[in-house]
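Below you'll find the structure, written out as structure tokens, and then a few comments.
One-based numbering, in listed order, for ligands and for the atoms of each. In what follows, every heavy atom counts, from backbone to side chain, and hydrogens, waters and symmetry copies are set aside. This structure is a prediction, so every number in the text was calculated from the model and none was measured.
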Amino acid sequence: MPIQILPTHLISQIAAGEVVERPAAVLKELIENSLDAQCQNLLIDVEHGGIKQLRVRDDGDGIPAAQLALALTRHATSKVASLADLEAVTTLGFRGEALPSIAAVSRLTLTSHAKNGDGSAWTLAGAADGDYAAPRPAVHPPGTSVEVRDLFFNIPARRKFLRTAKTEFEHVQQVVRRLALARPDLGVQLRHEGRTVLELAPLGTEPTALLPRLAQLLGEPFAAHTLRLDAAAGELHVQGWVLRPAFARSQPDQQFFYVNGRMVRDKVVLHAVRQAFSDVLQHGRHPAYVLFLTLPPRQVDVNVHPAKSEVRFRHSRQIHDFLLHELHKRLAQGILNLPVVPPVIAPARAPALTIAPTVAAPAVVNAPAAAPRQVNDERARYQIEHTLQQPLIAPTASSLEPAMLAPAPLGVALAQLNGVYLLAQTATGLVIVDIHAAHERIGYERLKTAWLAGQVARQALLLPVTVPVSRPEADVLVSHSAWLQRLGLVIDRIGIEQVLVREVPVLLQHTDIKRLVADVLADLAATGYSTGVEEALHAVLATLACHSAVRAQRQLTLAEMNALLHEMTTVARIDQCNHGRPTWIAIEQRELDRWFARGR
Ligand code: ADP
Ligand code: MG
């Protein structure tokens, strides 16, 4: 076949392959256009999961009759005119490809009443060859409606990939949910087969206006057990809500992250979040969150994905550390928002990845600068035992006379229930503490703090271990050996693709050193950071803390119970035990009153 230029319609159909995967993807593009047109209300009508019909009506600026055909033309947009515009783009759309692509694979009708137009509405149907007739008069209030019928009617191969109407509608709902979470100021109505499925009244524009919607869109548990986050560093700002780790989900289905208002799935972000949750999450559980990151548009490239669902940060390392730091801190503070200082081992900083920042990089660290001392096995064991033997529940002056002090966040002890639970009275109701779980977390955090206080004891290996690695993995040793030493690992390069492990943290001497070092170096080479050593250390410390924590069933005195309640307010991540289970819950008096039908 000779080389030839493809017909317009075929170009659009090929392009549609990237953007229009299923009805939900069409809806996403239509909604983004309505938002870019400054609408306040959206009416979304869906039939047969969106396969038969999708209609979005908005009350935005509208499109003048003379430009209707242009809106359906490839590479025509009102949103950018130059490269400079593109680099600072703040609209959700900018490619000028969505409408023509959708029109090429469906029966599309565009109807609009421009606010600054001739005061009337006009309609135009999509045309296969891009050759449009004149628009016809129509009846429509100010704003725009786009109707998309019979998706993929002309592309049978694509049609086959569509799922049942039910499944497609679930995807449609997810798109609506994403939008509604990002814009509490917007009124949204969603109808399926003529039935209203979702109706959201417009709320305020301030971020906290979203709260009532969290319950409506993500369920009561999310709203009831959520932590509010609001933090800034330089030009970076993150705000939103994080579900308490003790209530984490069995599926990663409630993870909403927005960059400058655009919902994205980003590897850097996902990694930072996962790492921030690493020490508080039950095994196999997934964090749930709705978070909004804002930063100057020039620091993020949104033009890296046809459906614009990925972005690229100019200073991705900085974004990663900022998110990790703020989330980690917030999780450490927990539901009581206590001013606890989270002990974090600084992630390795790869010089090559630290681009000259325009924003002051947030310090993620309070790790000690002191070089670790080499100690023998005996001494390390002593340190651990000593740390754990400090009485976890020593009564202090303040805990002995709680009634005379300011109200304690976790209240005043009343009794112990069946040896397992502690009951306490607070200003607003009842607190129930799982004594063993609380002790476990306290012991664990103490161990970690002691460990980090410049005492990462190293042990020289009698027989140094040779580890075969790739060349880039061996190369990272140059930039990271000081950091590795702080964590107790002394490693030398002994060949192009070979390293020798000479010293290891005492606590890890019985683990599979070869594998640990191979994993850590692979992480460092690939991403510039690794939490391998930290995780291995945490695992050992958590086991120690678990075994030494008070077993259930022991009778505590009231003074001991109050001491425990007090201690709990000084420890990071106290809301959940080492295994991610809750350590305490509160029952509000209001709830008790409801049970007993009081005050009705
Ligand atoms: P893009 O959004 O990337 O500009 P689209 O193909 O999605 O490309 O839309 C083309 C143009 O049509 C937009 O730039 C905008 O001017 C106009 N348009 C599309 N939908 C709407 C709408 N709902 N309200 C007002 N104008 C719209
Ligand atoms: Mg668009």
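Side chains of N303 and R312: a donor-acceptor N/O pair is absent below 3.5 angstrom, by distance only. Side chain to side chain, S12 and R74 meet the donor-acceptor criterion of an N or O pair below 3.5 Å. Side chain to side chain, H271 and D266 fail the donor-acceptor criterion of an N or O pair below 3.5 Å. A donor-acceptor pair shorter than 3.5 Å can be found between the side chains of Q174 and R177.
Of all protein heavy atoms, the one lying nearest to atom 14 (O) of ligand 1 is S78 N, 3.0 Å. Nearest protein heavy-atom contact of atom 23 (N) of ligand 1 is D58 OD2, 2.9 Å. Nearest protein neighbour of atom 6 (O) of ligand 1, counting heavy atoms only, is L99 N, 2.9 Å. The protein heavy-atom contact nearest to atom 17 (C) of ligand 1 is I63 CD1, 3.9 Å. For atom 7 (O) of ligand 1, the nearest non-hydrogen atom of the protein is N33 ND2, 2.8 Å. Protein heavy atom in closest approach to atom 3 (O) of ligand 1: G96 N, 2.7 Å.
Of the charged side-chain nitrogens involved, none lies within less than 4.0 Å of a carboxylate oxygen, so that E326 and R330 do not count as a salt-bridged pair. A salt bridge does not link R95 to E29: none of the charged nitrogens lies less than 4.0 Å from a carboxylate oxygen. Ion pairing of E168 with R22 is present here, as a side-chain N (NZ or NE/NH1/NH2) and a carboxylate O approach within less than 4.0 Å.
Here the side chain of R183 pairs no donor or acceptor atom with the backbone of G261 at under 3.5 angstrom.
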*Test K28 against N33 for side chain to side chain donor-acceptor pair (under 3.5 Å), laying out the working first.*
CA-CA 9 Å; K28 174 179 179 284; N33 281 343; over 6 Å; no
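Between A98 and ligand 1, at least one pair of N/O atoms sits closer than 3.5 Å. Annotation: F94 places an N or O atom under 3.5 Å from an N or O atom of ligand 1; distance criterion only. For ligand 1, the polar-atom distance check finds no N/O of A76 at less than 3.5 Å from any of the ligand's N/O atoms. The N/O atoms of R95, backbone and side chain alike, include one that comes under 3.5 Å of an N/O atom in ligand 1.
Atom 13 (C) of ligand 1 has its nearest heavy-atom neighbour, among E32, K115, K79, in K79. Checking T91, T77, V146, T144 against atom 4 (O) of ligand 1, the nearest heavy atom belongs to T77.
Taking backbone and side chain together, N33 holds an N, O or S atom under 2.8 Å from the Mg ion (ligand 2).
Close contacts of ligand 1 with A37, meaning ligand atoms under 4.0 Å from a residue heavy atom, involve 24 (N), 25 (C). Residue G93 approaches ligand 1 through these ligand atoms, each under 4.0 Å from one of its heavy atoms: 2 (O), 3 (O). Close approach of ligand 1 to A71 is summarised as follows: ligand atoms under 4.0 Å from at least one heavy atom of the residue are 10 (C), 12 (O). The atoms of ligand 1 that sit less than 4.0 Å from any heavy atom of P100 are 6 (O).
Considering only heavy atoms from C-beta on, R573 comes within 4.5 Å of H328 through its side chain.
Of all the heavy atoms of S112, none lies under 4.0 Å from any atom of ligand 1, so neither backbone nor side chain is involved. Heavy atoms of E97 found under 4.0 angstrom from ligand 1 belong exclusively to the backbone.
Separation of atoms CD1 (I11) and CG (L6) is listed at 5.5 Å; rounding is to 0.5 Å. Here the CZ-OG1 distance, from F169 to T164, works out to 12.0 Å after rounding to the nearest 0.5 Å.
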